[in-house]
Number of protein chains: 2
Amino acid sequence: MKNKSYNFFTHLANPTKFKIIMALREKELSVTEIITELKEEQSKISHNLKSLTQCHIVEVKRVGKKRIYELNKDTILPMIELVKKHARKYCLGKCHKD
Amino acid sequence: MKNKSYNFFTHLANPTKFKIIMALREKELSVTEIITELKEEQSKISHNLKSLTQCHIVEVKRVGKKRIYELNKDTILPMIELVKKHARKYCLGKCHKD
DNA sequence: ATCTCATATGAAAAATAAATCATATAACTT
DNA sequence: AAGTTATATGATTTATTTTTCATATGAGAT
């Protein structure tokens, strides 16, 4: 029985996906809003949102012609906290800070 | 102030590094023991151990001509638990299982 | 029914990361 | 001090991921 948990971390290990996640921490956003906030290309954001959705790191809902993306906070927020704690302990503000 | 936390996840997102981490969950191991257990090449393991060490995901100590690697359980174990929980909830044994 | 806005998708290109190979170092043994 | 074992390192090759570009789809407005 093979361990594939590392797949999950793939998403958090990508700067674009990570930025999207961070943007969604405060409130849910439409694709256009994410694009505007991150100043990134539309298809780039869409591709990244797709895999985040497949992994259930975010959830989508349709509202008219928009798609609203929401963060799965249960999993992601504590995970980010763990890294922050790790960084405080080991990195002295140098590596994984935010 | 830029967010670089995603760097941390880079390690967990890599199958070789992830396997090393898993092997170190039970007990600390020398490089040779890791090589034997994972059936991987020596330099591959060494390269991977180097970056894991730099990120403080593992710690090294010298014992004679051996180097013993130990997992930083405080950060890693709860993180793995979060993914497992996530997988149980969303993946129904299909994606991130181990 | 056509137009426009919002978003998705596929394939190719570009960028990044990881593995390999050859070699180096460091400690113990003889 | 020469040999051997254990591990590290650098440079190149190879593999994997990510971005880009062009185009498609789908919903609401006209």
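Letters A, B, ... mirror the listed sequences (proteins, then strands); counts begin at 1. None of the values given here were measured: they were computed from a predicted structure.
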Fill in: Whole-Å gap separating P (D/dT18) and OH (B/Tyr6)
11 Å
Worksheet entry | Shortest non-hydrogen contact from B/Ala23 toward B/Leu29 | O-CD1, 3.8 Å
Practice prompt. Would you indicate, yes or no, if D/dT18 has its OP1 or OP2 atom less than 4.0 angstrom from a side-chain nitrogen or oxygen of A/Thr16?
Written response: no
Practice prompt. Write out the stems for DNA chain C, ordered by first number and formatted as range with range, counting runs of at least 3 consecutive Watson-Crick or G-U wobble pairs under 3.5 Å.
Written response: C:1-30 with D:1-30
Discussion item. Between C1' on D/dA6 and CG on B/Leu29, what's the gap in Å once rounded to a whole number?
Written reply: 15 Å
Discussion item. Distance check needed: D/dT17 C1' versus A/Phe18 CZ, whole Å only.
Written reply: 18 Å
Worksheet item: So, do B/Glu70 and B/Lys27 sit near enough that their side-chain heavy atoms are less than 4.5 Å apart?
Response: no
Discussion item. I'd like to know if the side chain of B/His47 and the backbone of B/Lys44 have a donor-acceptor N/O pair within less than 3.5 Å.
Written reply: no
Fill in: Nearest-neighbour nucleotide for the B/Asn14 side chain, C/dA18, C/dG10, C/dT20 considered
C/dA18
Practice prompt. May I ask you to verify if any side-chain N or O of A/Asn48 is less than 4.0 angstrom from the OP1 or OP2 atom of D/dT17?
Written response: no
Worksheet item: To the nearest Å, how far apart are B/Leu38 CG and C/dA18 P?
Response: 16 Å
Fill in: Whole-Å gap separating P (C/dA18) and CD (B/Glu40)
14 Å
Worksheet entry | Electrostatic pair B/Lys61:B/Glu28 at N-O distance under 4.0 angstrom | yes
Pairs under 3.5 angstrom only: tabulate donor-acceptor contacts from the side chains of residues 72-80 of chain A to other protein residues two or more places apart or in another chain.
| residue | atom | partner | partner atom | Å |
| --- | --- | --- | --- | --- |
| A/Asn72 | OD1 | A/Asp74 | N | 3.4 |
| A/Asn72 | ND2 | A/His56 | O | 3.0 |
| A/Asn72 | ND2 | B/Tyr90 | OH | 3.2 |
| A/Lys73 | NZ | A/Arg25 | O | 3.3 |
| A/Thr75 | OG1 | B/His86 | ND1 | 2.7 |

Worksheet item: Choosing from D/dC21, C/dG10, D/dA8, which nucleotide comes nearest the side chain of A/Ser43?
Response: D/dC21
Worksheet item: Taking side chain as C-beta onward, heavy atoms only, is B/Ile20 less than 4.5 Å from B/Leu52?
Response: yes
Practice prompt. For A/Lys44 and for B/Ile45, locate the closest nucleotide of DNA chain D by heavy-atom distance; then report the residue assigned to the nucleotide nearer the 5' terminus.
Written response: B/Ile45
Worksheet item: Can A/Glu33 and A/Lys66 be counted as an ion pair, charged N to O under 4.0 angstrom?
Response: no
Worksheet item: In whole Å, what is the span from the CD1 atom of B/Ile35 to the P atom of D/dA6?
Response: 10 Å
Worksheet entry | Under-3.5 Å donor-acceptor pair between A/Gln42 side chain and C/dA8 base | yes
Response to the item:
For B/Ile34 and B/Tyr69 the tightest heavy-atom approach is CD1-CB, 4.5 Å
Worksheet item: Can you name the one residue among B/Ile57, B/Val31, B/Val60 that meets side-chain contact (heavy atoms from CB on, under 4.5 Å) with B/Leu49?
Response: B/Val31
Worksheet item: What class does the angle between the rings of B/Phe9 and A/Phe18 fall in, given that below 30° is parallel, 30 to 60° is tilted and above 60° is perpendicular?
Response: tilted
Practice prompt. Flag as yes if A/His47 stacks onto the base of C/dT9 (centroids under 5.5 Å, planes under 30°), otherwise no.
Written response: yes
Fill in: Spacing of B/Lys39 atom NZ relative to C/dA19 atom P, expressed in whole Å
17 Å
Discussion item. Heavy atoms within less than 4.0 Å of DNA chain D: which residues of residues 60-70 of chain B have one? Give them sorted by number.
Written reply: B/Lys65, B/Lys66, B/Arg67, B/Tyr69
Discussion item. Can you measure A/Glu41 atom CD to D/dT18 atom C1' for me and round it to whole angstrom units?
Written reply: 12 Å
